[in-house]
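Report on the following structure.
All ligand and atom numbering here is 1-based and tracks the order in the structure. Worth saying up front: this structure is predicted, and the values here are computed from it rather than measured.
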Amino acid sequence: MHTIRELDDTYVAHTYARFPVSITEGHGSIAIAEDGKEYIDLGSGIGVNLFGYCDRVWMEAVTSQLARVQHTSNLYYTGPCAQLAEALCTRTGMKKVFFCNSGAEANECAIKAARRYGQLHHGNDCSTMITLKDSFHGRTLTTLAATGQDHFHELFQPLTAGFVHAEANDLESVKRLVNDQVCGILMECVQGEGGVNVLSEAFVKGVRDLCDEKDLILIIDEVQTGNGRTGALYSFMNYGILPDAATTAKGIGGGLPIGAAMLGEKLQDIFTPGDNGSTFGGNPAVAAGALSNLNRLDDALFADVRRKSELIFSALNGAEGVKSISGMGLMIGIEPEFTTAREIARACLDEGVLVLTAGHNKVRLLPALNIPDELLIRALDVLKRAFAAGRE
Ligand SMILES: *Cc1c(COP(=O)(O)O)cnc(C)c1O
């Protein structure tokens with residue numbers, strides 16, 4: 001008999017530096033490993049398990065749809081897809097939604113839409129996108145090109161052409177890149193993988209104004225920040241702006257693959273049949289689960305996300321071994337003073353707590369939005385000890 005780990009190491013492509021844990025079960029914010037050890041999960045599958053493992057309400061929405069129709073292809077209409085699109089548009093001010101299966105694909109769709117807009121309104125050469133340094137937009141060749149981190153670019157040249165990178169929180173550096181060939185700007189309001197860097201309100205509003213002035217398409221990547229994560233339905237809502245497109249994935253599906261590119265007023269009629277597509281996009285079972293998730297994301301939940309956020313900030317701000325803490329809502333980055341984020345993650349794992357890491361040596365927390373206070377407080381004690389112990 002081979003262990004899960006042996007099989008995986010033998011047959012699964014080595015694209016991940018996995019921690020030495022096989023998770024076989026979970027409930028709420030507790031993950032249970034093959035050996036029976038229990039972990040408090042502060043990563044929620046990288047912000048995916050919005051209401052934790054095997055949430056009853058979400059499971060019921062998915063399984064009752066599964067028992068009716070699991071898939072039809074996009075040649076036919078299905079209810080959950082249409083209802084989810086309506087809910088997303090009603091709650092965001094967007095006008096149309098394209099469904100796909102991942103964050104990268106959602107960004108690809110939004111980039112395609114921005115390019116079409118540029119070409120139609122400003123000529124065939126208008127196709128360049130400005131993105132930000134330390135951003136992360138996905139792993140396809142185009143979204144890697146969009147990702148403003150050089151180390152992602154080196155291995156797979158040539159990447160898709162037409163992406164240039166400005167400095168986050170530096171409006172002048174964005175303005176310097178604008179010319180007749182630029183069709184839009186793509187950015188995360190809180191950069192996740194890149195180190196949990198929060199964009200300033202002045203910068204985000206400045207970018208919005210610049211896009212209005214130059215007729216550029218502003219796309220906000222809400223793949224990680226979206227769906228209640230930052231204490232608002234989508235992070236752009238914290239800034240009082242409306243983008244021309246917003247993309248989401250991760251948490252909205254609650255654990256099943258889905259991506260969505262939401263298109264605003266300027267882009268709503270940009271696509272005609274055949275311009276984009278996806279075999280699984282808008283899958284009824286996944287969409288039914290996503291709609292159920294969305295319906296639970298209300299003001300009371302956002303207030304609770306912000307309250308828990310304050311609890312985390314006040315526990316860790318100024319704690320021994322914590323050099324800095326950044327983030328918004330339940331998306332938090334903590335920089336260790338004495339050691340590496342990976343070492344902290346290792347130490348937490350030993351003590352039964354799962355955490356993530358991010359760029360610039362950050363420990364990253366993306367707990368389920370409904371994590372019970374009692375588990376959160378226990379996990380924070382473990383984290384505090386791990387940060388303090390890094391000194392040795
Ligand atoms: C995870 C992530 C992506 C990529 O999503 P996939 O579903 O892995 O393709 C894109 N943008 C941001 C901000 C992300 O956090």
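A cation-pi arrangement is present between R296 and F51, with the terminal nitrogen or guanidinium carbon under 6.0 Å from the aromatic centre and inside a 45° cone about the axis.
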Full working for ring pair (Phe, Tyr, Trp, His ring centres under 6.0 Å) between F99 and F280: CA-CA 8 Å; F99 290 113; F280 286 113; over 10 Å; no

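Under the 4.0 Å criterion applied to side-chain N and carboxylate O atoms, D275 and K112 are not assigned as salt-bridge partners. We find that E374 and R378 are joined by a salt bridge, their nearest charged nitrogen and carboxylate oxygen being less than 4.0 Å apart.
With I252 as the partner, the side-chain contact (heavy atoms from CB on, under 4.5 Å) test is satisfied by one option alone out of N227, L291, N293: N227. A side-chain contact (heavy atoms from CB on, under 4.5 Å) with V353 is found for exactly one of L365, V382, L375, D41, namely V382.
At a heavy-atom cutoff of 4.0 Å, ligand 1 is surrounded by S102, G103, A104, N107, F136, H137, G138, E188, D221, V223, Q224, K250.
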